[in-house]
Amino acid sequence: MDFAPDETQKMLIESVNRFVQDRYGHAARQEIAASGTAVDRGIWRFFGDMGWLSAGLPEQAGGFGGGPVETMLICEALGRGAVLEPVLASAVLSAQTLVAAAPDRAADLLEPMLTGTEIWATAYSEPDARAMALPQATRAAVTDGGYVIDGRKTLVLGGAAADRLIVSARLSGAPDDGAGIALFLVPADRAGIARVSYSLIDGQRVSDLTFRSVEVSQNELIATSGIGFAALQAGIEHAIAAASALAVGTMERAVWMTRDYVSERRQFGVALGSFQAVQHHMADMFIELELARSMTYHAVAALEHSPARARTRAISLAKVRAGQAARFVGAKAIQLHGGMGLTEEYFIGDLFRSLVVFDQVFGDLNLHAQRLAAIDGAEARAKAE
């Protein structure tokens with residue numbers, strides 16, 4: 001697949017880069033992080049006006065006819081500014097889950113989010129799930145007028161600012177069974193939903209949600225137990241690829257900021273970057289960045305062109321490779337900046353903390369390494385038989 005951007009995609013990249021450079025500096029980011037939701041609603045509406053929230057969606061879903069490549073380009077550019085607004089949670093995870101769950105209703109339902117009027121979050125992760133789709137213990141009981149949801153969701157990305165929630169709940173089956181999971185789209189202020197929000201180390205605000213006899217109507221069901229789990233998995237796979245692109249952008253900014261620092265910082269009367277050991281560190285950082293970028297491109301291509309098993313494998317490969325690179329690049333950037341790199345006065349610290357959080361969202365690299373081993377093991381046994 002050719003990832004050389006065409007003229008339209010170049011304009012898209014330039015517009016996001018210009019926003020990060022002109023409007024999302026270190027001071028502005030700190031101010032947003034200090035707010036109660038870590039979201040600037042004016043910026044969110046600007047994202048909607050610019051079409052960035054809908055660029056990666058098909059036209060029948062209310063988007064501009066793009067796909068995973070457009071999402072990747074936007075996220076990579078936003079990653080260079082460690083942008084806090086919940087593009088990943090709302091415009092990728094929630095939007096892609098809804099498109100997979102209810103394609104015929106997507107355009108009407110998504111309109112307020114894609115225009116920047118609303119923020120959405122997907123409440124799926126539970127205490128024992130390690131940020132993945134299973135197990136699911138939250139239950140939805142059938143009533144005369146619809147359903148009643150009871151359960152708990154943790155680490156809901158974008159949950160602190162969410163106006164609406166996509167909620168996964170089990171209609172039948174055991175917690176480890178993908179079958180029986182339905183999806184509901186409900187207002188975040190619905191009676192019975194308790195929201196506890198807190199900050200991650202990178203400034204993002206996430207939420208733990210408790211559902212106590214939350215009543216939902218039949219019309220708020222967006223995916224039955226027959227397709228709910230598959231739709232949720234589709235949303236998560238798109239989100240992992242987008243998160244990897246965000247991390248690539250963040251790593252790229254960290255590499256070039258570190259290069260500039262060691263070029264200017266003087267030690268023993270010469271530039272720090274003139275020492276061979278420092279040059280080796282910089283070369284290793286760049287190699288890790290490019291490996292992560294290549295594997296992210298591979299995952300994006302798989303989203304569009306590969307069958308389910310190959311797609312899942314490519315997504316986990318990207319998460320592992322980008323997670324390894326994030327740990328390495330972040331640590332080396334701080335090492336070369338010295339202790340001051342971890343202080344809040346320096347943007348490199350924001351980049352480092354964003355990379356630490358990336359390693360944990362949607363399953364850390366150890367979990368995805370286990371998934372890869374399981375996939376490869378199953379393929380080896382199939383060939384042996």
Side-chain angles (χ1 to χ4, degrees), residues 86 88-89 92-94 96-97 121-139 151-160 162 165-170 173-181 183 195-202 204-211 228-247 292 295-296 299 308-309 311-327 330 353-378:
L88 180 63
V92 183
L93 175 58
S94 297
Q96 294 291 349
T97 298
T122 300
Y124 75 93
S125 179
E126 301 197 357
D128 297 327
R130 297 174 67 185
M132 299 304 289
L134 290 175
Q136 290 272 326
T138 298
R139 290 272 175 180
R152 184 184 174 208
K153 304 293 183 179
T154 60
L155 286 168
V156 178
L157 296 177
L165 302 167
I166 295 178
V167 183
S168 59
R170 181 172 297 284
D176 289 327
D177 184 6
I181 294 175
L183 300 177
R195 175 164 37 180
V196 176
S197 300
Y198 49 94
S199 296
L200 301 181
I201 63 171
D202 66 341
Q204 286 190 76
R205 295 281 289 176
V206 299
S207 297
D208 291 346
L209 303 175
T210 303
F211 297 80
F229 181 70
L232 181 58
Q233 285 286 75
I236 292 173
E237 287 185 346
H238 277 83
I240 291 173
S244 298
L246 282 165
M295 198 56 69
T296 298
R309 184 183 291 272
R311 185 174 64 245
T312 299
R313 189 176 189 277
I315 292 295
S316 284
L317 276 171
K319 191 63 166 68
V320 170
R321 182 65 263 178
Q324 291 171 334
R327 291 183 180 185
R353 286 183 282 271
S354 293
L355 293 173
V356 171
V357 170
F358 161 74
D359 184 36
Q360 301 301 314
V361 297
F362 306 115
D364 62 15
L365 68 86
N366 293 323
L367 184 146
H368 284 277
Q370 293 169 7
R371 289 183 75 191
L372 287 171
I375 292 171
D376 292 345

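Just so it is clear, the structure is predicted and the values come from calculations on it, not from any experiment. The analysis underlying the following values was restricted to heavy atoms, covering all of them including side chains, and did not include hydrogens, waters or symmetry mates.
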Check whether any side-chain heavy atom of [X] sits under 4.5 Å from a side-chain heavy atom of [Y], and report yes or no.
X: L317; Y: R313; answer: yes
X: L134; Y: D177; answer: no
X: Q204; Y: R353; answer: no
X: Q324; Y: L365; answer: yes

*Smallest separation among heavy atoms of Q136 and R170, with atom names*: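 In terms of heavy atoms, the two residues are closest at O-NE, 2.9 Å.
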*Might you point out which heavy atoms bring V156 and A121 nearest each other, and give the distance in Å?*
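Residues V156 and A121, closest heavy atoms: CG1-CB, 3.8 Å.
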*Tell me, with the steps shown, if D364 and F358 meet side-chain contact (heavy atoms from CB on, under 4.5 Å).*
CA-CA 8 Å; D364 62 15; F358 161 74; over 6 Å; no
*Going by atom types alone, do T210 and K153 pair a side-chain donor with an acceptor below 3.5 Å?*
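Absent: no donor and acceptor within the cut-off.
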_We want to know whether S199 and R205 form a side-chain donor-acceptor pair, criterion being a heavy-atom distance below 3.5 angstrom._
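The criterion, which ignores hydrogens and geometry beyond distance, is satisfied for R205 and S199.
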*Are E237 and R311 within salt-bridge range, i.e. N to O under 4.0 Å?*
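Looking at E237 and R311, the cut-off is met.
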*Derivation and outcome, side-chain contact (heavy atoms from CB on, under 4.5 Å), residues L183 and V167*: CA-CA 6 Å; L183 300 177; V167 183; over 6 Å; no
So, [X] side chain and [Y] main chain: donor-acceptor pair closer than 3.5 Å or not?
X: S207; Y: A160; result: yes
X: E126; Y: T154; result: no
X: K319; Y: I240; result: no

*Check the pair T138, Y124 against side-chain contact (heavy atoms from CB on, under 4.5 Å), reporting the backbone distance first and the verdict last.*
CA-CA 9 Å; T138 298; Y124 75 93; over 6 Å; no
_Step-by-step side-chain contact (heavy atoms from CB on, under 4.5 Å) determination, Y198 to D208_ = CA-CA 9 Å; Y198 49 94; D208 291 346; 2.9 Å; yes
*List the steps, then state whether side chain to side chain donor-acceptor pair (under 3.5 Å) holds for T122 with T97.*
CA-CA 8 Å; T122 300; T97 298; 4.7 Å; no
